[in-house]
Amino acid sequence: GDGSIHLWDTNTPHTQPLTIFAEHTREAYSVHWNLVQKHTFVSGSWDNSIKVWDPMNARSLITFREHQHVVYGVSWSPYRADAFASSSGDNTVRVWDCRIPSRSQTVIRAHDYEVLSVDWNKYNENVLVSGSVDKSLRGWDIRNPAR
């Protein structure tokens, strides 16, 4: 891919996207809508970056550049409007807070191989699950990720 993200209105017969978001320099691999603050979404890319977007603005609001490899998965917290998690080919899962964009809040050395996916537990705001190339799933309590 060219790194662009296309936003479509599926309720209308448009042949063109409503907006094209074109800041990633390599393929955008994952996108996820903010389920709490419904006017933002997050994207992860093969350019190792994560971007937060407002669909009414074609420019990203925040860019995060801490992963050392492709960002395979991004997932907004279903509980906290400013928090999301990411998974990467650098074998980590990271938790981010948009109010503190200078660094991730939590870094979990999740697997021995690339981490392809991450998602939040819908019943416990502190629990994540990650999936890896090593064919394993692991659960994490972000209050104590070392366990």
Side-chain angles (χ1 to χ4, degrees), residues 1 3-12 17-21 23-24 26-147:
S4 67
I5 300 165
H6 295 219
L7 179 66
W8 298 85
D9 181 349
T10 59
N11 292 320
T12 60
L18 296 175
T19 308
I20 297 175
F21 306 92
E23 289 184 24
H24 284 298
R26 297 190 61 200
E27 179 180 349
Y29 201 81
S30 179
V31 295
H32 195 257
W33 283 101
N34 187 328
L35 302 174
V36 179
Q37 215 173 38
K38 299 185 184 339
H39 65 276
T40 55
F41 68 94
V42 64
S43 62
S45 171
W46 279 67
D47 66 9
N48 306 358
S49 74
I50 300 166
K51 294 181 179 285
V52 175
W53 308 87
D54 177 335
M56 303 310 282
N57 185 348
R59 297 193 55 85
S60 64
L61 302 174
I62 307 169
T63 300
F64 299 88
R65 297 183 188 279
E66 196 172 305
H67 280 294
Q68 301 302 308
H69 202 276
V70 58
V71 178
Y72 286 114
V74 289
S75 180
W76 278 105
S77 167
Y79 298 96
R80 299 183 354 226
D82 295 309
F84 66 90
S86 61
S87 61
S88 172
D90 64 11
N91 307 353
T92 65
V93 168
R94 296 174 191 257
V95 178
W96 307 84
D97 186 326
C98 291
R99 298 168 299 183
I100 309 168
S102 59
R103 61 179 172 77
S104 59
Q105 300 306 294
T106 304
V107 179
I108 303 168
R109 290 267 164 224
H111 297 267
D112 293 331
Y113 298 94
E114 293 179 302
V115 185
L116 300 180
S117 61
V118 64
D119 200 5
W120 294 86
N121 183 305
K122 306 305 184 248
Y123 306 104
N124 185 328
E125 65 183 296
N126 296 304
V127 175
L128 293 168
V129 66
S130 60
S132 171
V133 170
D134 65 14
K135 302 178 186 175
S136 70
L137 298 174
R138 293 188 178 163
W140 306 99
D141 186 327
I142 61 174
R143 295 169 296 188
N144 190 359
R147 287 189 177 181

First locate atom [atom1] of [X], then atom [atom2] of [Y], and finally report the distance between them rounded to the nearest 0.5 Å.
X: Asp119; Y: Leu137; atom1: CG; atom2: CG; result: 11.0 Å
X: Leu35; Y: Ser75; atom1: CG; atom2: OG; result: 7.5 Å
X: Ser77; Y: Gln37; atom1: OG; atom2: CD; result: 11.5 Å
X: Asn144; Y: Thr106; atom1: CG; atom2: OG1; result: 10.5 Å
X: Tyr113; Y: Ser132; atom1: OH; atom2: OG; result: 9.0 Å
X: His111; Y: Asp90; atom1: NE2; atom2: CG; result: 12.0 Å

Give a yes or no on whether the backbone of [Y] and the side-chain of [X] come within a donor-acceptor separation of less than 3.5 Å.
X: Arg94; Y: Ser87; result: no
X: Ser30; Y: Val74; result: yes
X: Ser45; Y: Glu27; result: yes
X: Trp53; Y: Arg59; result: no
X: Tyr79; Y: Tyr123; result: yes

Residue pair [X] / [Y]: nearest heavy atoms and the distance that separates them:
X: Lys122; Y: Pro78; result: CD-CG, 4.3 Å
X: Cys98; Y: Trp76; result: SG-CH2, 3.7 Å
X: Asp97; Y: Gln105; result: CB-CG, 3.7 Å
X: Asn57; Y: Phe21; result: O-CE2, 3.3 Å
X: Ser88; Y: Tyr72; result: C-CD1, 4.0 Å
X: Gly3; Y: His24; result: O-CB, 3.3 Å

Is the centre of the Phe41 ring less than 6.0 Å from the centre of the Phe84 ring?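 Not close enough - the centres of the two rings lie 6.0 Å or further apart.
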Looking at side-chain heavy atoms only, is the closest gap between [X] and [Y] below 4.5 Å?
X: Phe64; Y: Ser49; result: no
X: Leu128; Y: Val93; result: yes
X: Asn48; Y: Gln68; result: no
X: Val31; Y: Ile5; result: yes
X: Val129; Y: Arg138; result: no

Looking at residues at least two apart in the chain, or sitting in another chain, which of them share a side chain to side chain donor-acceptor pair (under 3.5 Å) with Asp112?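 Applying side chain to side chain donor-acceptor pair (under 3.5 Å) to Asp112 gives none.
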Partner set under side chain to side chain donor-acceptor pair (under 3.5 Å) for Asn91, not counting sequence neighbours: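 Testing Asn91 for side chain to side chain donor-acceptor pair (under 3.5 Å), a comparison that skips the adjacent residues, returns none.
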Could you check His39 against Asn34 for side-chain contact (heavy atoms from CB on, under 4.5 Å), going step by step and ending with a plain yes or no? CA-CA 7 Å; His39 65 276; Asn34 187 328; over 6 Å; no
Test salt bridge (charged side-chain N to carboxylate O under 4.0 Å, His left out) applied to Asp47 - qualifying residues, sequence neighbours left out: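 Result, salt bridge (charged side-chain N to carboxylate O under 4.0 Å, His left out) vs Asp47: none returned.
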Would Arg103 and Glu66 pass as an ion pair if we require N to O under 4.0 Å?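 Looking at Glu66 together with Arg103, the answer is no, because their closest N to O distance does not fall below 4.0 Å.
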Taking the basic N atoms (NZ, or NE/NH1/NH2) and the acidic carboxylate oxygens, is any pair closer than 4.0 Å for Arg80 and Glu125?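 No.
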Decide side-chain contact (heavy atoms from CB on, under 4.5 Å) for Trp120 and Val95; before the verdict, give the C-alpha distance in whole Å, the side-chain angles of both, and the deciding distance to 0.1 Å. CA-CA 11 Å; Trp120 294 86; Val95 178; 4.2 Å; yes
Side-chain donor-acceptor pair under 3.5 Å between [X] and [Y], yes or no?
X: Thr40; Y: Asp54; result: no
X: Ser43; Y: Lys51; result: no
X: Ser4; Y: His6; result: yes

Could you walk me through whether Ser86 and Trp96 pass the side-chain contact (heavy atoms from CB on, under 4.5 Å) check? CA-CA 8 Å; Ser86 61; Trp96 307 84; 2.8 Å; yes
Under 6.0 Å from the NZ atom of Lys135, do we count more than 12 heavy atoms belonging to anything else shown?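 Open: at most 12 neighbouring heavy atoms sit under 6.0 Å from NZ of Lys135.
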